[in-house]
Q: 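The structure that follows is given in the form of structure tokens.
Values below: every heavy atom of this structure, side chains too, minus hydrogens, waters and symmetry copies.
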Amino acid sequence: MSGNRLGKRSLDEVDHIPAFYPDNDTIRHDFLDYGYEIEYFDSHLGKMIESLEKRGQLDNTIIIVTSDNGMPFPRIKGNAYEYANHLPLAIMWGKGIKNPGRVIEDYVSFIDYAPTILEAAGVDVSVSKMQPVSGISLLPIFNSELDKLTGLGRSHILIGKERHDTGRPHDWGYPIRGIVKDGFIYLKNFEADRWPAGHPLTGYLNTDGSPTKTWIINQNRKYPIDRYWELSFGKRIDEEFYNIKEDPSCVNNLINDQSKIELISAMRNQLMNELAEQEDPRMSGNGSVFDNYPLTGGQGFFEKFMEGDSGKTGWVNKTDFETREFYQQLGQ
């Protein structure tokens, strides 16, 4: 409880809990701890900015502050929902951004950072020996004074996931593809019979250990199948569709909503067509290639674990592992 004890923060300062978690003291303390870590990062960022300013280089430096793949909490990190793919992004460049302080709502992607920096540095990628750049430069947004939806960025983004963890039989991943557009997200789960957050017997290895994870697992052990466990660890269906503006937690799947049939079909078709253009193996029936790449951390974790080898799982708690008896009760 470092956020409370060291950060001097109180539980009532947590102003939002996602709908896929219960609102209780355990989860609030976990969020306070996470917030305390962010404040620690912010303090170092402040020191970097101060150092650049003292050297007279602040206005001449592009500062990009973002995150990786969502908070290390159940149903966030390692997933494809709004809280997993919509990451914080702030960019500062005194000499290169007109009308600083704007909030931009255009879609951007991690692949856009490289072409942005290269163009800012005056590098002509087309005549270099670099591989083609798939992203787009954000300089048109920097050079504009527009805010909100400028129309200078992307109209949509594609997201995806393959193997993000170990612990499933045969070292298989959990393949997802998705498209985010106009405040909606469509997701295709290609292997919905697999466990999305990692196999229960090997501790749901695609979810880092935390008080929130422990609470949800223990609650499910008392009352199987608990709603919060189902949202975080339970199996999913082939397709999902969410209204992000109304449901940022992505808990109300609208895939069978008759009023959304045309929109769902349009987004599905756009996703599949663009993936086909990119020659995604999932589109040609060769998706198993992703499951067969050798792992750097060793092969066959699940099989070795079932034979008695505990393996190295320092990112989860020992209590995260389900017993074989309880696993049978899950009935999935």
Q: Test side-chain contact (heavy atoms from CB on, under 4.5 Å) on L271 and R268 and set out the steps.
A: CA-CA 5 Å; L271 170 65; R268 179 195 294 118; 5.8 Å; no

Q: From T319 OG1 over to I217 CD1, what is the distance, rounded to the nearest 0.5 angstrom?
A: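 Answer rounded to 0.5 Å: 7.0 Å.
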
Q: Report the residues that fulfil side-chain hydrogen bond (donor to acceptor under 3.5 Å, both in side chains) with D291, sequence neighbours left out, ordered by chain and then residue number.
A: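 Once residues adjacent in sequence are excluded, the partners of D291 under the side-chain hydrogen bond (donor to acceptor under 3.5 Å, both in side chains) criterion are R194.
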
Q: Are I136 and P115 close enough that some pair of their side-chain heavy atoms sits under 4.5 Å apart?
A: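 Contact flag for I136/P115 side chains = no.
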
Q: In plain terms, say whether R154 and D106 are close enough for a salt bridge, that is, a side-chain N and a carboxylate O under 4.0 Å apart.
A: no

Q: Donor-acceptor check, side chain of K161 to backbone of G78, threshold 3.5 angstrom: yes or no?
A: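 Checking the backbone N and O of G78 against the side chain of K161, a donor-acceptor pair under 3.5 Å is found.
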
Q: Supply the atom-to-atom distance N60 CG to L52 CG, rounded to the nearest 0.5 angstrom.
A: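 Going from the CG atom of N60 to the CG atom of L52 covers 10.0 Å.
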
Q: Report yes or no: do E240 and N189 form a side-chain donor-acceptor pair below 3.5 Å?
A: yes

Q: Determine whether a donor-acceptor pair (N or O, by modelled atom type, separation under 3.5 Å) exists between the side chain of N317 and the backbone of D320.
A: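 Not at all, since once roles are kept as given, no pair shorter than 3.5 Å links the two residues.
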
Q: Does the cation-pi check pass for R163 over Y293, that is, NZ or CZ under 6.0 Å from the six-membered ring centre and within 45° of its axis?
A: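 The answer is no, since R163 fails at least one limit relative to Y293.
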
Q: Quick one: is the NZ or CZ of K188 closer than 6.0 Å to the six-membered ring centre of F190, and within 45° of its axis?
A: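 Relative to the ring axis of F190, which defines the angle, K188 lies inside both limits.
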
Q: Determine whether a donor-acceptor pair (N or O, by modelled atom type, separation under 3.5 Å) exists between the side chain of N292 and the backbone of S288.
A: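 Side chain of N292 to backbone of S288: a pair is present.
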
Q: List for me each residue that meets side chain to side chain contact (heavy atoms under 4.5 Å, CB included) alongside E274, sequence neighbours excluded, and say none if there are none.
A: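 By the side chain to side chain contact (heavy atoms under 4.5 Å, CB included) rule, E274 matches H156, L158, Q270.
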
Q: Are the side chain of T150 and the backbone of D147 linked by a donor-acceptor contact shorter than 3.5 Å?
A: no

Q: Less than 4.0 Å between a side-chain N and a carboxylate O, is that true for E162 and R177?
A: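 Answer for the salt bridge query: yes.
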
Q: Would you say the side-chain atoms of T116 pair up with the backbone N or O of D112, donor to acceptor, closer than 3.5 Å?
A: yes

Q: So among Y242, Y228, W229, Y83, which one has a ring pair (Phe, Tyr, Trp, His ring centres under 6.0 Å) with F20?
A: Y83

Q: May I ask you to decide if the ring planes of F73 and Y34 are parallel, tilted or perpendicular, using 30° and 60° as cut-offs?
A: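 If you compare the ring of F73 with that of Y34, the planes turn out perpendicular.
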
Q: Any side-chain to backbone donor/acceptor pair from S144 onto P140? Under 3.5 Å, distance only.
A: no

Q: Examine distances only and state if a side-chain atom of E82 and a backbone atom of C250 form a donor-acceptor pair shorter than 3.5 Å.
A: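 Not a single qualifying donor-acceptor pair exists.
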
Q: Between atom CD1 of I237 and atom CG of N256, what is the distance when rounded to the nearest 0.5 Å?
A: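 Separation between the atoms: 6.0 Å.
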
Q: Taking atom CZ of F31 and atom CD1 of I17, what is their separation to the nearest 0.5 Å?
A: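 One gets 4.5 Å once the value is rounded to the nearest 0.5 Å.
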
Q: Just say parallel, tilted or perpendicular for the rings of F301 and F305, cut-offs at 30° and 60°.
A: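 Geometry flag for F305 against F301: parallel rings.
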
Q: Is there a donor-acceptor contact under 3.5 Å from the side chain of D309 to the main chain of K304?
A: no

Q: Going by atom type alone, with no hydrogens or angles, which donor-acceptor pairs under 3.5 Å involve a side-chain atom of residues 88-101 and a protein atom two or more places apart or on another chain?
A:
unit_1	atom_1	unit_2	atom_2	d
K98	NZ	N143	O	3.4

Q: Is the backbone of P74 close enough, under 3.5 Å, to the side chain of Y21 for a donor and an acceptor to pair up by distance?
A: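 Yes: the side chain of Y21 pairs with the backbone of P74.
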
Q: Under a 4.0 Å N-O cut-off, is there an ion pair linking D193 with K235?
A: no

Q: Between R9 and E39 (salt bridge meaning N to carboxylate O under 4.0 Å), is one present in this structure?
A: yes

Q: When you measure from the side chain of K213 to the backbone of Y204, do you find a donor-acceptor pair of N or O atoms at a distance under 3.5 Å?
A: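 Yes.
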
